[in-house]
Amino acid sequence: MKWKEQINGMKAYQPGKSIDAVKREFGLDHIVKLASNENPFGSSPKVHEFLAKESFNFALYPDGYATDMRAAVAKHLGVSGDELIFGNGSDELISIITRALLHPGVNTVMGNPTFSQYAHNARIEGAEIREVPLKEGNHDLDAMLKEIDENTAIVWVCSPNNPTGVVVEDAPLKSFLKRVPKDVLVVLDEAYFEYVTNKNHKDTISYIHDYPNLIILRTFSKAYGLATFRVGYGIANKDLIAKLDPVRGPFNNTGLSQAVIQVALQDQAYIQKCREENTKGKEQIEAYCDEHDLHYYPSDTNFVLMEIKADSDVVFQKLMQRGFIIRSGNALGTPGYIRVTIGTQAQNEGLLAQLTEILKEEGVFS
Ligand SMILES: *Cc1c(COP(=O)(O)O)cnc(C)c1O
């Protein structure tokens, strides 16, 4: 068959191992998954109450324009409905954006390591990928600017960056946006926006009025604890949204998802509480790293990329045997590190206790 040449040899996305898979493989009853940056507290109890009492007609197609969810998100953000585009997770928005702008002959600029889906989608479209090494876990924006030329179509800024957790502060971000050519789309992926505590980072939404070539991506999969519902959104000026919208598939958010998002948005106290718990958990993990002289990146997310001074795959495997799923740095372009999602206090304690034993076995701790 006449496959695109670049499809040959490509692998499907390798997600964090699932709880069921690990239960089966190791015959364990109790597994803690701290691998995919899901909210360890789940979603707002209001969502569960809503799902228990409502009934739905599953035979009907959902509202393809997501009118009510759009209005609710627009109100929450203080933007207008035509400044939003919804995706089946922000993953789908990454693919919509890529499909709309990339093809053989153009290039796209991104950090390295960063979220793997930017390069993955660019490869499918046959575009040239220009990866710029991070500097101390952060995007090297000056170096990225130097990579932009007349054939650059998209530049990706993942902030806070996955897998390092480091956020781009306001001043460097603004200076970067000012200097990017107006015909290059800047994608600012803020999947972890709700977890950011850095005082030098404020809400970036107002930037869409100053920079017509900017789209901000956010999601309900992380802090909102609704990954299963697959809702992410892009925020940009309305002309940019109007160009992207025809590339979006019809009915790309389920009716159930659209309803649930509206309920979840109303419980901002829950998000606030999760943010506070997350900050405590982050301090717990950082204190462990400090105590054991393990390097980590300053995280503005619900995960920490930490050094282990041992083989990442070995530590990953041994943690899994002991009931904890994390991500090996080898899979994320950061060998010698592991990425752990910040769990509940008890989950973090359990994880760190097991890690201590493993690092003793590996001869890292005496
Ligand atoms: C998790 C994640 C996403 C994908 O989120 P979905 O909305 O669930 O598709 C996008 N970008 C980054 C940086 C992520 O970490």
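Quick caveat, the model's predicted, so the values are computed rather than measured. Residues: numbered from 1 along the sequence shown. Just so you know, ligand 1 is whichever comes first in the structure, and atom 1 is the first atom listed for that ligand.
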**Asked** Is the NZ or CZ atom of Arg70 both under 6.0 Å from the centre of the six-membered ring of Tyr65 and within 45° of that ring's axis?
**Response** yes

**Message:** Pairs of nitrogen or oxygen atoms closer than 3.5 Å, one from Asn162 and one from ligand 1: do any exist?
**Reply:** yes

**Request:** Measure the distance from atom 4 (C) of ligand 1 to every protein heavy atom, then report the residue, atom name and distance (to 0.1 Å) of the closest one.
**Result:** Ser90 OG, 3.5 Å

**Asked** Under 4.0 Å from any heavy atom of Arg230, which atoms of ligand 1 are there?
**Response** 6 (P), 8 (O), 9 (O)

**Request:** State yes or no: are the ring centers of Tyr297 and Tyr337 separated by less than 6.0 Å?
**Result:** yes

**ligand 1 contacted by Ala227 (non-hydrogen, < 4.0 Å)** = no

**Prompt:** Angle class for the Phe56/Phe58 ring planes (parallel below 30°, perpendicular above 60°, tilted otherwise)?
**Reply:** parallel

**Asked** Which of these, Trp156, Tyr192, Tyr118, Phe303, has its nearest heavy atom closest to atom 15 (O) of ligand 1?
**Response** Tyr192

**Request:** With Val109 as reference, evaluate Thr152, Val157, Val184, Val186 under the side-chain contact (heavy atoms from CB on, under 4.5 Å) test and give the passing residue.
**Result:** Thr152

**Min N/O separation Asn88 to ligand 1 under 3.5 Å** = no

**Item:** Identity and distance of the protein heavy atom lying nearest atom 11 (N) of ligand 1
**Value:** Asp189 OD2, 2.7 Å

**Prompt:** Does atom NZ of Lys309 have more than 12 heavy-atom neighbours, drawn from other residues, nucleotides or ligands, at distances under 6.0 Å?
**Reply:** yes

**Asked** Does some non-hydrogen atom of Glu92 fall short of 4.0 Å from ligand 1?
**Response** no

**Asked** Would you say the side chain of Glu38 lies within less than 4.5 Å of the side chain of Ser221, judging by non-hydrogen atoms?
**Response** no

**Atoms of ligand 1, numbered as shown, that sit under 4.0 Å from any heavy atom of Cys158** = 13 (C)

**Asked** To which protein heavy atom is atom 2 (C) of ligand 1 closest, and what is the distance rounded to 0.1 Å?
**Response** Lys222 NZ, 2.5 Å

**Message:** For Arg99, is the CZ atom crowded, meaning more than 12 foreign heavy atoms sit under 6.0 Å from it?
**Reply:** no

